[in-house]
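See structure below.
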Amino acid sequence: MRTGRFGDSKNPQYPNLETTMSETRTALVIGGGIAGPVAATALLKAGIDARVYEAYPGSSDNIGSGLALAPNGIAALDIIGAGDAVRGIAVPVPKMGLSVNDKDMNMPGLSGLPPLQLVDRGELHQTLHDHAVAAGVPFEYNKRLVDVAETESGITARFTDGSTATGDVLIGADGIRSTVRGLIDPQAPGPEYLGMLGFGALVDYDGEIPAGTMTFAFGKKAYYLYGPGGDGRVMWGANLPHKEYLSLTAARAIPKSHWLGILRETYAEDTPGGELARRTTEEQLEVIGALHIMPSVPHWFRGRMVLVGDAVHAPSNSSGQGASLAIESAVQIARCLRDLPVPAAFATYEQLRRGRVEAVAARAAKANHSKTLGPVGRKMMQLLAPLFIKMMNPEKTMGPEQRYRIDWDAPAQRELAVVA
């Protein structure tokens, strides 16, 4: 086992700290969405060779619509040198607004922080993939994981095409339907359906919307959100109440003309929701399918396997933190594997992350209930919303989330001691 000092050019902040370091040299990363490429790039930065195995034929850049990256997520991307590339495809959104039955209100924000960055999910996937490749991360496609075999010295992944791959550790970044989660714990809970289907689009729009503002809108029948998409366009997303569960595949099997008809009817009386729905074409409409939230996962790791991103913590889209938390965890697992041997690295990673991600999920769960209110509940919301905004303390509710920063150069065990 190698030992050393965090000193000299590596870490002048802690010149006298001796620590036992990791034996991890290679990592198999399962999943090529957001967390996978970030984890692999961070692992390379930590001196660990990582290779990404993606189940689909190519990079996963055709899933979902728009999302917002919070300052903490962008700061984590800066650690691996991807922050500027993502800012380059994003639209900064410095303000947030609330609209209830077409009554618009400004929401207080945090001072001294950069704005949210609104990005297209597909473009984000492609950008993170390209950055990882440029950094030296190899990707393999059509590699759907089915099983693993562990030994004292490593772990071997077996894929549906009959091929195998062996490394020191395996990182499950394979999303909310994670295969790795089931291999770690066959009794692990799966995602919970929120009773809503997701849709999104980037449309040309010459009407007035609040400048530089992401607006969370509670229409007369359903919730939606909208914000600037750049070049005179508006990015909008709908959370459509739907009792029947439809996966991404099942929802996309239904003609887009059907969904457009429902969206136009649902938001017809809302401003600007009705016009946004009417202007959305079949080519522009992104069908996302069922919206989920991950309940608390009892076991984040077992043996040489560990989970990151949506595979282990997927707060609902109400949080505005899903992608940012996935990015943070991807960087933190690399940092822990850099500094500690398995299983101490995995245990430290979980202790650093679990409390934070579950607190965000709990906050988002409260917001989910307001998205499916009936007519009476929406009327009450309209009456109470001004009071709610007046009483908001963004520093208390959002400050700990958005001001969080990872100190890459600090030893992971030192941060754990502070957290403990």
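Numbers here are sequence positions counted from 1. On a predicted model such as this, the values are computed, not experimentally measured, just so you know. Just so you know, these numbers use all the heavy atoms, side chains as well, and skip hydrogens, waters and symmetry mates.
A salt bridge links Glu328 with Arg356: at least one charged nitrogen is closer than 4.0 Å to a carboxylate oxygen. A salt bridge is absent between Lys143 and Glu54; no separation between the charged side-chain nitrogens and carboxylate oxygens falls under 4.0 Å. We find that Arg252 and Glu286 are joined by a salt bridge, their nearest charged nitrogen and carboxylate oxygen being less than 4.0 Å apart.
By the side chain to side chain contact (heavy atoms under 4.5 Å, CB included) test, Ser99 is found to be paired with Asp104, Thr215, Ala217, residues two or more places apart in sequence or in another chain being considered. Listed by chain and residue number, Tyr205, Asp206, Glu275 satisfy the side chain to side chain contact (heavy atoms under 4.5 Å, CB included) test with Arg279 (two or more places apart in sequence, or in another chain). Applying the side-chain hydrogen bond (donor to acceptor under 3.5 Å, both in side chains) criterion to Asp310, with sequence neighbours excluded, gives no partner residue.
Heavy atoms only, all atoms of each residue included: Ala345 and Leu337 are closest at CB-CD2, 3.8 Å. Taking each heavy atom of Ala50 and Val137 in turn, the nearest pair found is O-CG1, 3.9 Å. The heavy-atom pair separating Arg278 from Ala268 by the smallest distance is NH1-O, 3.8 Å. Shortest non-hydrogen contact noted between Ile293 and Ala361 is CD1-O, 4.2 Å. Heavy atoms only, all atoms of each residue included: Ala251 and Gly289 are closest at CB-CA, 3.8 Å. In terms of heavy-atom proximity, Ala173 sits nearest to Val308 at CB-CG2, 3.6 Å.
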Requested in this report: Please lay out, stage by stage, how Val86 and Gln117 fare under the test side chain to side chain contact (heavy atoms under 4.5 Å, CB included).
Outcome: CA-CA 9 Å; Val86 171; Gln117 300 289 331; 5.6 Å; no
Requested in this report: Check the pair Val234, Leu202 against side chain to side chain contact (heavy atoms under 4.5 Å, CB included), reporting the backbone distance first and the verdict last.
Outcome: CA-CA 6 Å; Val234 170; Leu202 182 64; over 6 Å; no
Query raised in the report: For Asp78 and Arg405, what are the C-alpha separation, side-chain angles and deciding distance, and is it a salt bridge (Lys or Arg N to Asp or Glu O under 4.0 Å)?
Result: CA-CA 11 Å; Asp78 283 332; Arg405 298 293 183 268; over 6 Å; no
Query - Audit row: Arg363, Glu401, salt bridge (Lys or Arg N to Asp or Glu O under 4.0 Å) steps and yes/no - result: CA-CA 11 Å; Arg363 175 182 64 79; Glu401 295 179 12; 2.7 Å; yes
Report task. Let me see the working for Leu77 and Ile74 under side chain to side chain contact (heavy atoms under 4.5 Å, CB included), right down to the final yes or no. Result -> CA-CA 5 Å; Leu77 288 176; Ile74 293 291; 4.3 Å; yes
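Side chains of Phe139 and Pro37 form a contact here, defined as non-hydrogen atoms less than 4.5 Å apart. For the pair Leu291/Leu197, no side-chain contact is recorded, criterion being any heavy-atom separation below 4.5 Å from C-beta on. Between Leu352 and Cys336, the closest side-chain pair of non-hydrogen atoms falls below 4.5 Å. Pro189 is not listed as a side-chain neighbour of Ser296, based on a closest heavy-atom distance of 4.5 Å or more. In this structure, the side chains of Ile176 and Met294 come closer than 4.5 Å at one or more pairs of heavy atoms. Within the 4.5 Å cutoff, the side chain of Leu124 has heavy atoms near those of the Ile34 side chain. Looking at Tyr349 and Trp300, their side chains come closer than 4.5 Å, going by heavy atoms from C-beta outward. Two residues are said to be in side-chain contact when any heavy atoms from C-beta on lie closer than 4.5 Å; Leu240 and Phe199 meet this criterion.
Between Tyr223 and Phe216, the ring planes lie parallel to each other; the angle is under 30°, not in the 30° to 60° tilted range. Classification of the Tyr141-His129 ring pair by plane angle, with boundaries at 30° and 60°, yields tilted.
Distance CD/Gln321 to NE2/His313: 11.0 Å, rounded to 0.5 Å. To the nearest 0.5 angstrom, Ile406 atom CD1 is 10.0 Å from Ile327 atom CD1. Here the CZ-OG distance, from Arg354 to Ser329, works out to 11.5 Å after rounding to the nearest 0.5 Å. Atoms CG and CG, from Leu69 and Leu118 in turn, are 9.0 Å apart once rounded to the nearest 0.5 Å. Rounded to the nearest 0.5 angstrom, Thr127 OG1 and Asp120 CG are separated by 9.5 Å. The distance from atom OG1 of Thr348 to atom CD of Glu350, rounded to the nearest 0.5 Å, is 10.0 Å.
Without hydrogens or angle criteria, Asp161 side chain to Ser163 main chain gives a donor-acceptor distance under 3.5 Å. Side chain of Arg304 to main chain of Asp168: a donor-acceptor pair is present (N/O by atom type, distance under 3.5 Å, no hydrogens or angles). Thr213 places a side-chain N or O within donor-acceptor distance of the main-chain N or O of Ala211, the cut-off being under 3.5 Å. Side-chain atoms of Tyr224 come within 3.5 Å of backbone atoms of Gly273 as a donor-acceptor pair (strictly under, hydrogens ignored). Formation of a donor-acceptor pair under 3.5 Å by the Gln126 side chain with backbone atoms of Glu123 is not found in this model. At distances below 3.5 Å, at least one donor-acceptor pair connects side-chain atoms of His131 with backbone N or O atoms of Ile80. At distances below 3.5 Å, at least one donor-acceptor pair connects side-chain atoms of Thr280 with backbone N or O atoms of Leu276. For the pair Asp185 (side chain) and His299 (backbone), a donor-acceptor distance under 3.5 Å is absent. A donor-acceptor distance shorter than 3.5 angstrom exists from the side chain of Arg264 to the backbone of Ala277, with no hydrogens or angles considered.
Remark: aromatic rings of His292 and Tyr245 are close, center separation under 6.0 Å.
The salt bridge (charged side-chain N to carboxylate O under 4.0 Å, His left out) analysis of residues 224-249, with sequence neighbours excluded, yields the pairs Asp231-Arg233. Annotation: salt bridge (charged side-chain N to carboxylate O under 4.0 Å, His left out) contacts involving residues 196-205, sequence neighbours excluded, are absent. Sorted by first and then second residue, the salt bridge (charged side-chain N to carboxylate O under 4.0 Å, His left out) pairs with a member in residues 144-154 read Asp147-Arg158, Glu150-Arg302; sequence neighbours excluded.
For the pair Arg338 and Trp408, the cation-pi test (distance below 6.0 Å, angle within 45°) is passed.
Other residues, nucleotides and ligands contribute only 12 or fewer heavy atoms inside 6.0 Å of the CD atom of Glu265.
The closest side-chain donor-acceptor pair between Thr156 and Thr164, if any, does not fall under 3.5 angstrom.
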